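Nothing here was measured: the structure is a model prediction, and the numbers come from that model. Just so we're on the same page: letters track the sequence lines, and every chain starts at 1.
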Protein chains: 2
Amino acid sequence: MELDEKDRQLVKLLQEDCKKTTKEYADNLQLSKTAVYERIRRLERTGVITNYVALVDKEKVERDFTVLCHIKLVQHTKENVLRFEREILKLAEVSECFHVSGDYDYILKVSVKNMKNYREFMVTKLTAINNIGSTQSSFSIREVKNSPSVYI
Amino acid sequence: MELDEKDRQLVKLLQEDCKKTTKEYADNLQLSKTAVYERIRRLERTGVITNYVALVDKEKVERDFTVLCHIKLVQHTKENVLRFEREILKLAEVSECFHVSGDYDYILKVSVKNMKNYREFMVTKLTAINNIGSTQSSFSIREVKNSPSVYI
DNA sequence: AATAATTATAGATTTTTATTCTATTTTTGA
DNA sequence: TCAAAAATAGAATAAAAATCTATAATTATT
């Protein structure tokens with residue numbers, strides 16, 4: 001799907017706030033309500049917009065202890081990798097997990113309440129997964145930026 | 001603010017999909033429309049829910065080349081740190097930036113189109129920031145999980 | 001370049017949902 | 001135990017989404 005300038009502006013607005021009225025986006029983009037309505041439907045239909053979600057203040061729900069956990073596997077057989085990834089998907093504390101090149105195999109973003117809970121997570125959940133060679137935890141001292149949006 | 005079980009379930013639902021009707025959440029939680037409506041307003045008012053956003057398919061908008069970039073600063077004076085963070089905030093390609101403990105000072109999540117664009121980003125934007133000592137780029141081979149939501 | 005076909009847009013209408021209101025129930029605290 | 005406060009349900013109203021019809025703009029075709 002080709003995005004024109006109006007589409008890009010619209011996606012930008014929807015990534016900032018998806019709960020405005022069609023009329024508000026329309027006024028902002030100098031289009032009619034129907035035009036914006038149809039454009040949004042098209043963005044949804046073609047899969048550019050995948051879903052709409054509420055964002056939560058991690059501090060308010062006591063999950064603002066964030067750790068970037070670097071993991072090396074012992075063995076890199078297909079079965080081991082798939083099992084590892086399947087197990088990671090089950091862990092609610094892990095909001096992001098990337099298989100990466102470089103010094104480590106995986107980088108995880110983990111959000112828990114405090115160090116005690118992180119230790120618990122490590123001991124009872126993470127290292128319970130077979131085939132983990134070593135881990136290196138980088139504790140977040142400060143969140144400079146943390147947004148799910150993508151510039152377009 | 002204290003969250004009861006209904007609140008937690010509601011936040012979970014809203015983090016998955018914030019565009020359902022009040023009635024749908026009400027049916028799911030076995031509450032009336034008004035009860036759910038008031039609970040949502042309270043979650044917003046107390047700052048548990050910060051905002052509502054559209055999520056975009058990075059592949060569809062050609063920003064699915066993801067890199068976790070580890071940065072060491074040369075000097076850690078207050079001014080240097082603040083200037084570095086101020087400059088990072090300006091870079092649209094950086095969706096996340098954490099000041100961390102451990103081997104590196106900062107970990108960034110960068111989303112661009114391809115390696116060529118990443119190189120451009122590094123050369124013209126990132127290393128243009130003063131005070132960067134060294135960088136280590138971990139290229140995402142596969143996104144196992146990538147969600148902005150928090151378990152509660 | 002002219003015209004047909006397609007697509008996008010605007011404005012009006014209808015339908016659905018959010019919001020407000022009032023009464024009732026439940027919970028909390030003295 | 002009772003009064004006050006908070007939460008809930010259901011009804012009424014207001015607002016927005018969704019649809020429809022007509023028009024304008026764009027694209028493709030000859």
Side-chain angles (χ1 to χ4, degrees), chain A residues 1-63 113 147-152, chain B residues 1-63 113 147-152:
Chain A
M1 178 200 177
E2 279 301 306
L3 301 180
D4 66 14
E5 189 50 36
K6 297 279 184 191
D7 287 324
R8 276 191 291 272
Q9 282 182 253
L10 182 53
V11 169
K12 189 171 183 294
L13 293 173
L14 291 168
Q15 284 193 116
E16 289 163 4
D17 183 356
C18 69
K19 282 283 181 114
K20 289 184 172 162
T21 63
T22 313
K23 190 179 180 318
E24 288 186 272
Y25 301 119
D27 290 349
N28 198 313
L29 300 172
Q30 318 255 55
L31 285 172
S32 74
K33 285 198 314 180
T34 316
V36 168
Y37 181 79
E38 289 300 334
R39 278 171 182 267
I40 292 176
R41 297 309 296 265
R42 192 161 54 99
L43 290 166
E44 292 168 359
R45 185 162 33 78
T46 58
V48 172
I49 291 173
T50 58
N51 53 334
Y52 298 96
V53 302
L55 297 183
V56 167
D57 183 336
K58 289 203 285 289
E59 218 173 310
K60 289 271 163 60
V61 297
E62 301 190 307
R63 295 292 181 270
K113 183 177 177 183
S147 155
S149 73
V150 166
Y151 77 101
I152 55 169
Chain B
M1 178 200 178
E2 278 303 307
L3 300 181
D4 66 14
E5 189 49 35
K6 297 279 185 192
D7 286 324
R8 276 190 291 273
Q9 281 182 253
L10 181 53
V11 170
K12 189 170 182 296
L13 293 172
L14 290 168
Q15 282 194 119
E16 287 164 4
D17 183 355
C18 69
K19 281 284 180 112
K20 289 183 172 162
T21 64
T22 312
K23 187 176 183 319
E24 286 185 273
Y25 300 119
D27 290 348
N28 199 313
L29 300 173
Q30 318 253 56
L31 284 173
S32 73
K33 284 197 318 178
T34 315
V36 168
Y37 181 80
E38 290 301 333
R39 279 171 182 269
I40 293 175
R41 295 309 294 266
R42 192 160 55 98
L43 290 166
E44 292 168 358
R45 188 163 29 79
T46 58
V48 171
I49 291 173
T50 58
N51 52 335
Y52 298 96
V53 302
L55 297 184
V56 167
D57 184 335
K58 290 204 283 290
E59 217 173 312
K60 289 271 163 61
V61 296
E62 300 189 312
R63 296 288 181 272
K113 184 177 176 182
S147 153
S149 74
V150 166
Y151 77 103
I152 56 169

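Atoms CZ (B:R41) and C1' (D:dT8) sit 17 Å apart, rounded to a whole Å. If you take CG of A:L31 and P of C:dG11, they are 11 Å apart, rounded to a whole angstrom. Separating the NZ atom of A:K20 from the P atom of C:dA18 is a distance of 19 Å, rounded to the nearest angstrom. B:K33 has its NZ atom 13 Å from the C1' atom of D:dA15, to the nearest Å. Between the C1' atom of C:dT7 and the CZ atom of A:R42 lies a distance of 10 Å, rounded to the nearest Å. Spacing between atom CZ of A:R45 and atom P of C:dA8 amounts to 9 Å, rounded to whole angstrom units. A:K23 places its NZ atom 13 Å from the P atom of D:dA15, with the value rounded to the nearest Å. Rounded to whole Å, atom P of C:dA18 lies 11 Å from atom NZ of B:K19.
No donor-acceptor pair closer than 3.5 Å links the side chain of B:D27 to the backbone N or O of B:E24. The backbone N or O of B:L3 sits less than 3.5 Å from a side-chain atom of B:R8, completing a donor-acceptor pair. Checked by atom type and distance alone, the side chain of A:T22 never pairs as donor or acceptor with a backbone atom of A:K33 at under 3.5 Å.
Among D:dT8, D:dA9, D:dA18, the nucleotide with an atom closest to any side-chain atom of B:E38 is D:dT8. When each of D:dT8, D:dA7, C:dT9 is scored by its nearest atom to the side-chain atoms of B:S32, the top-ranked nucleotide is D:dT8. Among C:dA8, D:dA17, D:dA7, the nucleotide with an atom closest to any side-chain atom of B:R39 is D:dA7. Side-chain proximity of A:Y37 to the nucleotides C:dA18, D:dA18, D:dA11 is greatest for D:dA18.
No donor-acceptor contact under 3.5 angstrom links the side chains of A:E16 and B:Y52, judged on distance only.
A salt bridge does not link A:D17 to A:K12: none of the charged nitrogens lies less than 4.0 Å from a carboxylate oxygen. Checked for salt-bridge contact, A:E44 and A:R41 meet the test: a charged N lies under 4.0 Å from a carboxylate O.
The side-chain heavy atoms of A:K60 and B:V48, taken from C-beta on, include a pair separated by under 4.5 Å.
Within the nucleic acid shown, B:T22 comes within 4.0 Å of sugar-phosphate atoms alone, with no base atom in reach, counting heavy atoms only. Across all strands, A:T21 comes closer than 4.0 Å only to sugar-phosphate atoms, never to a base (heavy-atom distances).
Across its full length, the helix from C:dA1-D:dT30 to C:dA30-D:dT1 shows an angle of 50° between the axes of its 5 terminal pairs at either end, rounded to 10 degrees.
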